[in-house]
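Step one of this worksheet: look at the structure below.
Letters go in sequence order (proteins before strands), and every chain restarts at 1.
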Amino acid sequence: MSVDRISRRAFAGGIAALALARQAGAQGYAGLGEKADGFAKVTPGKLFAFPGDHGPHPEFRIEWWYLTANLVDFSGAACGLQWTLFRQAAQPGPQGEGWANQQVWMAHAAVTRADTHRFTEVFSRGGVGQAGVTAKPFDAWIDDWELKGFDSTDDRTLAPLALKASSTDFSYALTLEADRPVVLQGDRGYSRKSERGQASYYYSQPFYRARGTLTIDDKPVDVSGQAWMDREWSSQPLDADQTGWDWLSLHLASGDKLMLYRLRQKDGRDYPFGNWISAAGETQMIAGGDIQMVPKATAEVAGRKLPVEWQIAIPSRSLSILCKPLNPKAWMGTGFSYWEGPLSFAGTHDGVGYLELTGY
Amino acid sequence: MRRALWVLAVLLSHWRRHKMQFATLLVGLIAATALWSGVQAINQQARTAYDRAAATFGGARTAMLVAPDAATFPQELYVKLRRAGWPVSPTLEGRVQVNGRSLRLLGIEPVTLPVEIGNAPRLGASDLSSFVAPPGQTLVAPETLSDLQEAEGASVPISNGAKLPPLRVLPHLAPGVLVVDIGVAQRLLNKPDQVSRLLIGQPKSKPAALASVVGDQLQRVEPTAETELERLTDSFHLNLTAFGLLSFFVGLFIVNSAVGLAFEQRLPMLRTLRACGASARLVNTVLVVELVALALVAGLIGLVCGYFIAAVLLSDVAASLRGLYGAQIPGQLSLRPEWWFAGIGISIAGALVAATTSLIKAIRMPVLTTAQPRAWQQRQRRWLVLQSLAACAVFAVGLLLLGYGQSLIAGFGLLAALMLGAALILPALLELLLLAGQRAARRPLALWFWADSRQQLSGLSLALMALLLALAVNVGVSTMVETFSRTFLGWLDGRLAADVYINASDNGQGVAIRNWLKERSDVQAVLSGGRADTQVQGQPVELLGLPDHALYRERWPLLEAAPQAWTRLVPGNAAFISEQLSRRLNVRIGDVIEVPAPGGNWELDIVGIYADYGNPKGQLTVNVAALIRQFPQTPQTRIGLIVAKENIPGLIGALQKQFALDDRSVADQATVKAESIRIFNRTFAVTSALNAFTLGVAGIALFTSLLTLANSRLPQLAPLWAIGITRPHLAAIELTKTLSVALFTALLAVPLGLLVAWCLIAIVNVKAFGWRLPFHIFPLQLVELVAVALVASMLAALLPVIRLARMQPANLVKVFANER
Amino acid sequence: MLNIKNLSKTYSSAGEPVHVLRGVDLDLRAGERVALTGESGSGKSTLLHLIAGLDAADGGTIRLEDIEVTALSDAGRARLRRNRIGLVFQQFNLIPSLSVADNLAFQARIAERHDAAWTKELVERLGLGTLLKRYPEQLSGGQQQRVAIGRALAIKPSLLLADEPTGNLDEATAENVLALTRDLVTRTGCGFLMVTHSLHLAATLDRHLTLHAGRIA
């Protein structure tokens, strides 16, 4: 799903506003269903190679490094954080030098506790070094925000990493560790989004253990927990009849991980997708017909009604859980706005995770 | 309410019977408001323009980081700072030639541009993409677009052949600036990866200390409320304001005399009103209401006139400011509502101030008339003594300012004290003169002449004071302008040493031109100069490089020089300093001054001081070879040629043809000189125009005073007529009287005016511009002014005198019949 | 109607107190016409001014109908003059910038008791019909004084006060003007107090009082 997520977010949000090539502007939103002429295409059968694929793929239109973490502080209170770096190319073709570079970078950061939700965003143009990603040694940065590897960083696990971001009223710094390799989503990393060929390359590292400091209003608190990173890139934009999506990443108490989303269409229908990742790191796609996602309660945030509580069932896995948000007001009022926040669930399985709601 | 309206109607009925008096009152108020508001409109226009310039994507209104030597610096520092959490945004600035005009090219980075930058024009999100994405855009002010005579969307070439991105108008942008993306600017200015300044936005987090990120390569410049332009042009606007204020006061003199007379004449009416049962409060209130209403009407008319005055003067003011300070002022007048309110306000306040004494008199007026003794002599004496004492006090303040004042304001304060004091003491001087005349008089008619003149003094003195001030200012300003004009022309002759001036578009073309010139037999010498910018003690300073050539030694004018000054310049460790910079830095010959250069500080012995009229920046002149050693980036594009006069046109033609140089890039001495003189002349056009306006207003003041006096003089004249002096004879005496006091005033205005000129030249100019001029007196000009004053007085006196000469005897008889 | 008791007034002149009125008693009935004479400086005009409320008394009381004039404030005295008192001076005191018609109506308008019919009658009786559009300076002294009398009577005052109304007029004109005034006073039924030098004219009124050394003799 995430291709759509990115492209939509990127287009409607700051990045696209900053730049995007004239033709993109001329096409407008509806035009996003068109082919991405000039950009590289996502085709099945790609063999992923690391560390190379940790780095940017500028020949594709859009790409992101998307990290969410479910943490607890010393008193056991839950909190969550988000750190996302987006890349979008304004134009296909050879990479321009210096300021003529067509890449535009945008990043979002947020922290969420039961009683507060803080967020911020930054923008940068590529080409001059203000923002970018290198694969080896791994480093993804924009201004003074950074997700950075060490000499010891293992290309297969993409760990350990150091993460930092700051804003006027919050900041955080975490170290991330993992002992299992990154996981290819979809069909060996080829994540198909529609019958018409929309797809993305998609892999994740859902096994990060996180530890660090979260500072809100100049009050630092030690935190620890689990984190999940999504890496995705694509050139094929969103389908014109798709209105938005509801996406979840879940850390099960058993150590298993579950990624789920459903794409909503204008005609009211929706299509669920999912991957089950065992605690050992084996991944398996879940058939759409096997996924039941039912909104249970809505919250009113920023003048919108959002389904922040979900009843989820996967009969084949004997899973039936109710997901509740840590803070129903986790609205990201950024240039492109959406809901993104930590949740906890109970039922046949217990655990924590992240929920993202767009297009509301 | 109806009662008040009836009282108002009765009061107003006075004006119907005294239309001239009414006109006088209105003219005074209109003149005062018009000139004041006109000047204010111009000042406001200019300030708005400075604000626009200052707010252009981070002018002086934004804190920023710059290199200590004010040079460009690597973009890498920008990235370092961003990555250390500094909310900075890069800009790159330079000048480009477009269609023969030199314009400021400003490269900005819109993504990081601080959003809180004052009233900078905003780019909307959708505009941003077309601004950044190829081919990009060149944002210009509407004025610039029309200056360039280009259409929106046009892609205009600059002098080095590159093309600007398509032009797009941004309404509130400062004129004279081309705003492009920073990447485009780096390409157009041929400064890859270089930036001029980093604008500092609101920090999102706590950034690291500046020095820990970039060492001492950059320094922080705090935003200034006052821009450099504002500071530079302050004196110019102060000048305008002073004139506006002067005209305002002269206008108030008129109002004062008209209101005074009207109240005097209406006192019996006020008594009758009171006797008939209108309460004192009602009458006084209605009097004030009447005055305010008149001021409102006159204020509105005055504002309209002020608007036209401003519109007429604006083009000259704009030219002056551009010529003197490089400030860009739009030629289209746009006024804020505050201006209208302030104008009406000042009209009402002025009317109330001018009418204060009359109003107080009316308020204190008893209902019953007690027979008033004719104690005018005593009153006049007391008034003269008080006024003379006040004059002495004012002179004392002036002396203090002369002794201790340092600022420009103190200079103007001295001027004001001088003029106010002189105006205050004028009636006393006239009284002494008339008294002397009266003592010397033998024949009865002569005796009456002097005595009657003395009695008239209090009525006329305000008008004469106005005349004195206007004349003195006129003498002062004309003397200054003429002095400046002569000095400037002489200086220009020496400064423009070369016969032909070339400005190559870049170093490459410079080299090509020099090589080409070597082959020409008609070129006697090629003088290569250079110019670099730096900062000394926080002030922008221009470094001018001159080649070592006999021509300069012979002709280039120095105000002061150490022995062997030109020879000492050659090794590169000595410099000449411009007069204004030497004053600003308090540097004299023999002092050493340190100039930050890319390779470290450059120590220069000061061996000469030279005049550099009209240059807002301080300047140091050094040997050009040394300049290029110290500032390797100095463009070597300025070339001067010594050419025999007859060969000049041919050479210029050949140069233009060979190198496609436009009129601005190659010019002969005569053209450059003509251009300089044209700018100079326009600079003082405003001063002269305001000068003339002020004199005109003073003339009106005199005229109205005489007119109002004439009406009240029948009782004095009727007895003379009765004892057998003919009306024409009386008229002649009246005329003589007016002319003689006016002549005396004018003669007094001459020394006062010269003092004013001295103040302007020796104090105000030095403090405002940094240069001192030799003081010249121009006798012919003085005679001319005195003559003008006399003619003005005669014209002013003529109408009342003609009326007297033609007066029906019946009117004179009436004096005996029932009046008084 | 007018009732004055023990009225006194002192001015200071060159630091010396001058006792102008030293206890004046005077009664005047409605419709009564009284002449007041006395040598220069005897206080005739002062008495008149005090009655009109143009000046304040130092002691004693003045009562006009139901109003105690001596107890009034400045504004109260102005109201009194406006509504109940007609004043005629030697100097006429017309407003030079107003036409005869406007001068006539002037006090009545300020008092907001303008009565067009009554004004018209006054114009006829005073013989001003042809002069209405003229300005004071275009009138003879007698004509001006007739306008002044008209103005004073236009408000139908309770009391008409005249201070040497004929002082600037020749004898014939003076008699004529006074005769007109007498008639009009009779017509309106108001009281009339006239200060005059002329014993001859004083004799034509109902009563003749003389002021001497600050008292009514």
**Study point:** Donor-acceptor contact below 3.5 Å, side chain K9(C) vs main chain A57(C)
**Key:** no
Revision key, fill the gap. Greatest number of non-hydrogen atom pairs under 4.5 angstrom with chain C, of S279(B), A4(B), A275(B), falls to A275(B)
Check your understanding: Is it the case that D163(C) and S45(C) place a side-chain donor and acceptor less than 3.5 Å from each other?
Key -> yes
Check your understanding: Taking atom types as modelled, is there a side-chain donor on W15(B) or E290(B) under 3.5 Å from an acceptor on the other?
Key -> yes
Exercise for review: Inspect the contact between R125(C) and D183(C) and indicate whether a charged nitrogen and a carboxylate oxygen are less than 4.0 angstrom apart.
Suggested key: no
Review point. Should the pair R17(B)-E137(C) be classified as a salt bridge under the 4.0 Å nitrogen-to-oxygen rule?
Key: yes
Exercise for review: Applying side chain to side chain contact (heavy atoms under 4.5 Å, CB included), run through V7(B) and T285(B) and close with a yes or a no.
Suggested key: CA-CA 10 Å; V7(B) 172; T285(B) 311; over 6 Å; no
Revision key, fill the gap. When the 4.5 angstrom heavy-atom criterion is applied to L273(B) and chain C, the contacting part is both
Revision key, fill the gap. Applying a strict 4.5 Å limit to non-hydrogen atoms, the region of R281(B) in contact with chain C is neither
Closest-packed option against chain B by number of heavy-atom pairs under 4.5 Å, given [options]:
options                          : value
L87(C), L94(C), L98(C)           : L98(C)
I85(C), I110(C), I95(C), N83(C)  : I110(C)
R77(C), R79(C), E112(C), R109(C) : R109(C)

Revision key, fill the gap. Applying a strict 4.5 Å limit to non-hydrogen atoms, the region of D74(C) in contact with chain B is side chain
